[in-house]
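Let me begin by presenting the structure, written as structure tokens, before commenting on it.
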Amino acid sequence: MSHDRLLHALRREPVDVTPVWLMRQAGRYLPEYRKLREQAGSFLTLCQNPELACEVTLQPLRRFDLDGAILFSDILTIPEAMGLGLHFIPNEGPHFHHPVRTPADIDKLGVPDMADDLGYVPDAVKLIRRELDGKTPLIGFAGSPWTLATYMVEGGPSKTYQHIKALMFNEPAALHKLLDLLARSVAAYLNAQIAAGAQAVQIFDTWGGVLSPANYRAFSLVYMQQIVARLEPGPDGRVPSILFTKGGGAWLEAMAETGASALGLDWTIDIDNARERVGDKVALQGNADPALLYAKPDIIRTQVHEILTRFGHHPGHVFNLGHGVTPQVDPAHVAALVDAVHEFSIPA
Ligand code: CP3
């Protein structure tokens, strides 16, 4: 049972103990990651080399009793494949040499060729599945169209969303054209991961929460819904899908109508309240504050217990953080959290 409790929970089927995985469970807080990244020379080399991506994916599974592996990659592989020139500036994050600002810029873009431009991603999926050998399920992922568009139009991280929001208000038809292109690209990209063996997929809508309710529905949610509708069955049948809108707590009812199997919650909402609102339409994933990992292990254990108790005796809970593990975290604290989830689980 332990090897597929994650997939059972995502389908709201009974499990022995609550499954747990963590967003950004591979990354800079692990010394073995930092070492490999230094050897590889850059983060993008890790993503684009299937052997290295496979090794990084497996690193956290060797240390912690995790119930899911997540493909090591990035949401920005799609705009990179569209020719925007992705690079990372230390302490600033991702940037593009060629941001997309005008309707004419948008007209020049096309759906990348999954085999020629992004084939390293399904190649990594196949390799990881072979290495996991059925012991742990593999989660594939992509960014939401709105979140990808935010990076592509801003050209990098933003606090004001000046360019993307000006485009949204001034040229909504052009932005819809870009979002439609991204929705078709993301669906093809997730289907390539599923065909290669990804057993669940998550859509990261990191910036959906900066929109008004009406604009969230029009510019983010509808495109995620189109992607969910376009997902194809994999070698073992239909795969569960997880929608994660950071800051999306106010819109869970609408998110639950998309056809997604599960909703990812950030930590600004109580999971019992979320469950009351979505009922048995979807499973829920979350929702510890990522900063909990800065606390002492006994405090981490108490807080894990509280979230499990709030969710209660129901099927359909996957434990996770409300956002990714940060580079400053002590790996021993991650172990404390993962072990506490299994120890205090209330089987449904
Ligand atoms: O969860 C996992 O373990 C899988 C790996 C993963 C990464 N990025 C690895 C990564 C996943 C799922 C992502 C998704 C991603 N990438 C998102 C959505 C999730 C979120 O965090 O909201 C976003 C917005 C991005 C874009 C991106 N890529 C950012 C903002 C950064 C951080 C830049 C920085 O310097 O902190 C990246 C780079 C990145 N992606 C790193 C990792 C491990 C750090 C790269 C490094 O310096 O080694």
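We count ligands from 1, going down the list as the structure has it; atoms in each ligand are counted the same way. Numbers for residues simply follow the sequence, beginning at 1.
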Aromatic ring centroids of [X] and [Y] under 6.0 Å?
X    : Y    : answer
F219 : H176 : yes
Y223 : W146 : no
W207 : Y161 : yes

For [X] and ligand 1, answer yes if some heavy atom of the residue is under 4.0 Å from a ligand atom, otherwise no.
X    : answer
Y33  : yes
W207 : no
H323 : yes

Do me a favour and list the nearest non-hydrogen protein atom to [atom] with residue, atom name and distance?
atom                    : value
atom 4 (C) of ligand 1  : L71 O, 3.6 Å
atom 16 (N) of ligand 1 : D74 OD1, 3.0 Å
atom 24 (C) of ligand 1 : Y151 OH, 3.3 Å

Over 60° means perpendicular and under 30° means parallel, so tell me whether [X] and [Y] are parallel, tilted or perpendicular.
X    : Y    : value
F64  : Y29  : parallel
F204 : F141 : perpendicular
H314 : F311 : perpendicular

* Asked: Applying a 4.0 Å heavy-atom criterion (strictly less than), which segment of M23 is in contact with ligand 1: side chain, backbone, both, or neither?
  ->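 Backbone only; the side chain of M23 stays clear of ligand 1.
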* Per-residue contact class, P90 against ligand 1 - non-hydrogen pairs under 4.0 Å ->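 Neither; no heavy atom under 4.0 Å.
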May I ask which of [options] has a heavy atom nearer to [atom] than the others do?
atom                    : options              : value
atom 47 (O) of ligand 1 : R37, K246, Q202, H95 : R37
atom 34 (C) of ligand 1 : R34, R28, R24        : R28
atom 5 (C) of ligand 1  : S73, A26, S144       : S73

* To do: Please step through salt bridge (charged side-chain N to carboxylate O under 4.0 Å, His left out) for the pair E32 and R63, ending with a clear verdict.
  => CA-CA 11 Å; E32 59 270 35; R63 280 183 181 254; 2.7 Å; yes
* Check whether any side-chain heavy atom of T77 lies under 4.5 Å from a side-chain heavy atom of Y120, and answer yes or no. =>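 When only atoms from C-beta onward are counted, Y120 and T77 do touch, with a gap below 4.5 Å.
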* **Those atoms of ligand 1 less than 4.0 Å from some heavy atom in Q25** =>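 Under 4.0 Å from Q25, ligand 1 has these atoms: 1 (O), 2 (C), 3 (O).
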* F72 neighbourhood, listing ligand 1 atoms whose heavy-atom distance to it stays under 4.0 Å ->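 Checking each atom against F72, I get 9 (C), 43 (C).
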